[in-house]
Amino acid sequence: MHLARTASIDWKAIREDFPILDQKVHGHPLVYFDNAATTQKPRAVIEALRDYYEHDNANVHRGLHELSSRATEAYEGARARAAQYIGAASADEIVFTRGTTESINLVAQSWGGTFVREGGVILLTEMEHHSNLVPWQLLAERTGARLRFVPVRDDGTLALEQLEQLLTPEVKLFAFTHVSNSLGTINPVAELCATARAVGAVTLVDAAQSAGHLPLNVQEIGCDFLAFSGHKMCGPTGSGTLYGRAEVLDAMPPWHGGGEMIVSVTLEKSSFKKPPHRFEAGTPNIAGAIGLAAAIDYIEGIGRAAIFEHDSKLTRYAQERFADLPGMRVLGPTGERGAILGFVMDAAHPHDLTTFADQRGLALRGGHHCNQPLMRRFGLPGTTRASFYFYNTTDEIDRMIEILRDAALFFA
Ligand SMILES: Cc1ncc(COP(=O)(O)O)c(C=O)c1O
């Protein structure tokens, strides 16, 4: 495996682990810069899924037969692996979900439905993805709670000087993203959690854009909940987890009812298992969890610190190259940031620019990126976004700059 410091890691060999990258799109070599939407999968993950279906496929926690034991062992092993990956104290603090969106909905419905009342406040930030906004709007509508927001400064960072004033005792929960999917901003999550804890607020970290990109440890962060998606970190779609601190999960009622989550059932009433099984009704995404564990193994084989360093280099390089382009503005902080560059070209709408790039084999994303309030904050209909991962190269960034320069001439 590729176990070394960044300089001695063979990034070219790593790239070859991703068969999908070796193809032409519209007659041009594919440059895949839509990693914030979903990342590509290495052979190790594809093979783990195939191996499971070819050899061990059975339902978990049910059958008293060999295949079911193997499937259960692999599924629960994946839970332990996910716990270890984010530094959870126990595997019981990991609930498998379909991803970040489902994890946040679980918290909003189960925890929110129990602990949030009329007059309570949910504190969010202006940079939240719709999946860390809409579930809280639905909760507020149901309960009469209010939403409050930490503003975003012009440079794409949070207006932290306002935090003390916003974090009043009515705040029941403070939910925020670790890395902004539009701006690349890395929020000081441990500091935010400590400030929230001081007023007794529960915290939720949306780690969709950070879990596969930088080292993180829930006990060091000091959060009550943390959500991430497998597909944004080399794992399969439909896989993900909700971390919940044991004491907080224990106090939460089920949200979905069905098989697997009960202790006993009569026609009138049921009693429920302890977390995490209380929150996993029905047959789970067994292959997804196994694939996610394989993705974790793969990422840890490289090392998250090395991935962060590599991706930061790519991002800095791209920022420097953007400076050569006329009529182009990059959003977000100028200092340390995630591997995400949202930009605006004066002459072209993001959708037109993204289509132009696609015709040349370059996969970007154009639009509001599920950040409509944030786009409104910056007075923009949307942006074009390039997002990098460890298999990307500076040559690919050069190719992007070439295409954007052509676009500037084309749309002028
Ligand atoms: C910051 C952030 N939060 C949440 C999500 C939602 O993730 P998923 O669609 O995997 O549930 C995304 C996806 O783009 C995201 O970037």
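Atoms within each ligand, like the ligands themselves, are counted from 1 in listed order. Below, each value reflects all heavy atoms present in this structure, side chains not excepted, and no hydrogens, waters or symmetry copies. None of these values were measured; they are calculated from a predicted model.
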Self-check item: Residue among Tyr298, Tyr32, Tyr389 satisfying ring-ring contact (aromatic ring centres under 6.0 Å, His included) with Phe18
Solution: Tyr298
Quiz item: If you measure from the Lys or Arg side-chain nitrogens to the Asp or Glu carboxylate oxygens, is any gap between Arg79 and Asp92 under 4.0 Å?
Solution: no
Quiz item: Are Glu73 and Arg70 within salt-bridge range, i.e. N to O under 4.0 Å?
Solution: no
Quiz prompt | Check ion pair Glu47-Arg43 (N to O, under 4.0 angstrom) | solution = no
Quiz item: Where's the contact between Thr101 and ligand 1, heavy-atom distance under 4.0 Å: side chain, backbone, both or neither?
Solution: both
Quiz item: Which residue owns the protein heavy atom closest to atom 16 (O) of ligand 1, what's the atom, and how far is it?
Solution: Gln209 NE2, 2.7 Å
Self-check item: Carboxylate-amine/guanidinium proximity below 4.0 Å for Arg148 and Glu170
Solution: yes
Quiz item: Who's the nearest protein heavy-atom neighbour of atom 15 (C) of ligand 1, and how far?
Solution: His129 CD2, 3.3 Å
Exercise. Check each heavy atom of Thr100 against ligand 1 and say whether those closer than 4.0 Å belong to the side chain, the backbone, both or neither.
Key: both
Self-check item: Minimum-distance protein heavy atom relative to atom 4 (C) of ligand 1
Solution: Ser131 OG, 3.0 Å
Quiz item: Among protein heavy atoms, which sits nearest to atom 13 (C) of ligand 1, and what does the distance come to when rounded to 0.1 Å?
Solution: Lys232 NZ, 2.7 Å
Practice problem: Look only at interatomic distance and state if His231 has a nitrogen or oxygen under 3.5 Å from any nitrogen or oxygen of ligand 1. | Solution: yes
Quiz item: ligand 1 and Thr177, any nitrogen or oxygen pair closer than 3.5 angstrom?
Solution: no
